[in-house]
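Along the sequence shown, the residues carry numbers beginning at 1. Worth knowing before you read on, the calculation uses all heavy atoms, side chains too, and leaves out hydrogens, waters and symmetry mates.
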Amino acid sequence: MSTLTAQPINTSRLDLLPLHVEHAEEMASVLSDPALHTFIGGTPDAPQALRSRYQRMTAGSPDPAVSWLNWVIRLRDESCLTGTVQATVSPSGHGPIAEIAWIVGTLWQGRGIATEAARGLVAWLGQQPVHTVIAHIHPEHRASAAVATAAGLTPTDEWHEGEIRWHRSIRR
């Protein structure tokens with residue numbers, strides 16, 4: 001499998017822009033609410049810590065067979081960043097598999113942004129050599145379960161670190 005690179009993705013209201021270190025300051029503000037960490041753990045990063053994390057992320061995976069793909073979500077009409085989506089694409093016995101995740105800042109939740117971004121990401125992955133899309137979602141995180149459902153994923157009976165594995169096969 002060749003390494004994939006994040007490309008801009010446009011949806012009706014959003015621009016998913018490949019992550020750059022320069023996004024860290026605005027994203028630190030977007031992700032500053034401790035409530036965002038209820039299901040994922042941790043605490044909000046200060047701008048410099050987020051900048052360091054983004055430097056590591058944009059450098060790419062140390063494994064050449066794995067692609068780290070990260071985007072910021074820009075709400076076009078308001079010209080502001082609202083969250084992130086990501087996909088880690090890895091080889092598997094059945095073809096490349098993409099593990100996806102999303103997070104939207106508290107101020108922008110409840111507006112369908114995560115759903116639209118996840119759908120856009122899954123549609124983009126469907127144009128890549130990806131066979132399967134998965135996500136891991138805390139069993140009590142109903143909003144993320146709704147996003148996964150809207151993006152065409154279904155829950156499985158598999159668990160990973162206290163989260164339910166969701167799955168979607170991409171048909172060609």
Side-chain angles (χ1 to χ4, degrees), residues 3-11 13-64 66-90 97-122 124-125 133-148 151 153 159-166:
T3 302
L4 296 176
T5 308
Q7 302 295 320
I9 301 170
N10 300 310
T11 67
R13 299 179 300 151
L14 308 173
D15 297 318
L16 306 183
L17 305 172
L19 179 71
H20 292 287
V21 173
E22 294 76 23
H23 292 128
E25 189 164 329
E26 185 174 356
M27 286 306 302
S29 176
V30 169
L31 303 175
S32 65
D33 185 352
L36 289 174
H37 298 268
T38 300
F39 296 109
I40 60 174
T43 58
D45 284 328
Q48 187 55 43
L50 195 57
R51 184 177 197 74
S52 294
R53 181 156 45 112
Y54 285 2
Q55 285 172 332
R56 291 187 302 277
M57 291 166 67
T58 58
S61 170
D63 182 343
V66 175
S67 299
W68 288 351
L69 308 170
N70 296 279
W71 293 263
V72 290
I73 303 168
R74 181 178 166 272
L75 183 57
R76 199 176 301 118
D77 286 350
E78 296 180 25
S79 192
C80 65
L81 300 182
T82 61
T84 63
V85 290
Q86 63 187 51
T88 299
V89 180
S90 307
I97 187 167
E99 184 171 344
I100 66 171
W102 51 85
I103 188 166
V104 170
T106 306
L107 294 176
W108 296 275
Q109 290 179 1
R111 297 168 60 180
I113 292 170
T115 296
E116 187 173 331
R119 283 179 172 162
L121 174 58
V122 169
W124 183 84
L125 289 166
V133 176
I134 62 170
H136 295 101
I137 299 173
H138 191 283
E140 295 175 17
H141 200 322
R142 289 190 298 269
S144 270
V147 170
L153 283 77
W159 288 75
H160 176 74
E161 297 180 0
E163 296 181 320
I164 298 171
R165 179 179 169 141
W166 288 62

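Relative ring orientation between Trp71 and Trp124 is described as perpendicular, the plane-to-plane angle rising above 60° on a 0-90° scale split at 30° and 60°.
Using a distance-only test at 3.5 Å, with no hydrogens or angles considered, no donor-acceptor pair links the side chain of His20 to the main chain of Glu22. The main-chain N or O of Asn10 is never found under 3.5 Å from a side-chain atom of Arg76 such that the two would form a donor-acceptor pair. Side-chain N or O atoms of Ser61 include one that pairs as donor or acceptor with a backbone N or O of Asp63 at under 3.5 Å. The backbone N or O of Gln48 sits less than 3.5 Å from a side-chain atom of Ser52, completing a donor-acceptor pair. Checked by atom type and distance alone, the side chain of Ser67 never pairs as donor or acceptor with a backbone atom of Thr5 at under 3.5 Å.
Under a 4.0 Å N-O distance rule, the pair Arg111/Glu78 qualifies as a salt bridge.
The nearest pair of heavy atoms linking Ile9 to Gly120 is CG2-O, 3.9 Å. Across every non-hydrogen atom of Gln7 and Pro18, the tightest pair is C-CG, 3.9 Å. In terms of heavy-atom proximity, Ala148 sits nearest to Trp166 at CB-CE3, 3.6 Å. Between Trp108 and Cys80 the shortest heavy-atom distance is NE1-SG, 3.8 Å. Minimum heavy-atom separation, Pro64 to Thr3: O-OG1, 3.2 Å.
Taking 4.5 Å as the limit, some side-chain heavy atom of Met57 sits within range of a side-chain heavy atom of Asn70. Two residues are said to be in side-chain contact when any heavy atoms from C-beta on lie closer than 4.5 Å; Tyr54 and Leu19 meet this criterion. Side-chain atoms of Leu36 and Gln109, non-hydrogen and from C-beta on, do get closer than 4.5 Å to each other. Annotation: side chain of Trp68 is in contact with side chain of Pro62 (closest heavy-atom distance under 4.5 Å). With contacts defined as side-chain heavy-atom distances shorter than 4.5 Å, the pair Asp77/Arg13 does not qualify. In this structure, Leu69 and Leu4 have side chains that are in contact, with non-hydrogen atoms separated by less than 4.5 Å. Between Arg74 and Ser79, some side-chain heavy-atom pair lies under the 4.5 Å cut-off. Side-chain contact check for Val72 versus Leu16: every heavy-atom pair is 4.5 Å or farther apart.
Of the options Glu163, Glu99, Arg165, a side chain to side chain donor-acceptor pair (under 3.5 Å) to His136 is made by Glu99 and by none of the others.
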Applying salt bridge (Lys or Arg N to Asp or Glu O under 4.0 Å), run through Asp45 and Arg53 and close with a yes or a no.
-> CA-CA 9 Å; Asp45 284 328; Arg53 181 156 45 112; 2.6 Å; yes

Which is it for Ile134 and Ile100 under the side chain to side chain contact (heavy atoms under 4.5 Å, CB included) test, yes or no, and what are the steps along the way?
-> CA-CA 6 Å; Ile134 62 170; Ile100 66 171; over 6 Å; no

Apply side chain to side chain contact (heavy atoms under 4.5 Å, CB included) to the pair Leu125 and Val89, showing each step before the final yes or no.
-> CA-CA 9 Å; Leu125 289 166; Val89 180; 4.3 Å; yes

Could you go step by step and tell me if Trp159 and Ile164 meet the side chain to side chain contact (heavy atoms under 4.5 Å, CB included) rule?
-> CA-CA 5 Å; Trp159 288 75; Ile164 298 171; 3.7 Å; yes

After noting the C-alpha distance and the side-chain angles of Ile73 and Thr84, does the key distance pass the side chain to side chain contact (heavy atoms under 4.5 Å, CB included) rule?
-> CA-CA 5 Å; Ile73 303 168; Thr84 63; 5.5 Å; no

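Taken from CD in Gln55 to CG in Leu50, the straight-line distance is 10.5 Å, to the nearest 0.5 Å. A distance of 8.0 Å separates NE2 of His141 from OG1 of Thr38, quoted to the nearest 0.5 Å.
Defined by atom type and a distance below 3.5 Å, a donor-acceptor pair is present between the side-chain atoms of Trp102 and Ser144.
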Which donor-acceptor pairs under 3.5 Å do side chains of residues 25-34 form with protein atoms, sequence neighbours excluded?
from: Glu26; atom 1: OE2; to: Leu81; atom 2: N; distance (Å): 2.9
from: Ser32; atom 1: OG; to: Ser29; atom 2: O; distance (Å): 2.9
from: Asp33; atom 1: OD1; to: Ala35; atom 2: N; distance (Å): 2.9
from: Asp33; atom 1: OD2; to: Thr106; atom 2: OG1; distance (Å): 2.7

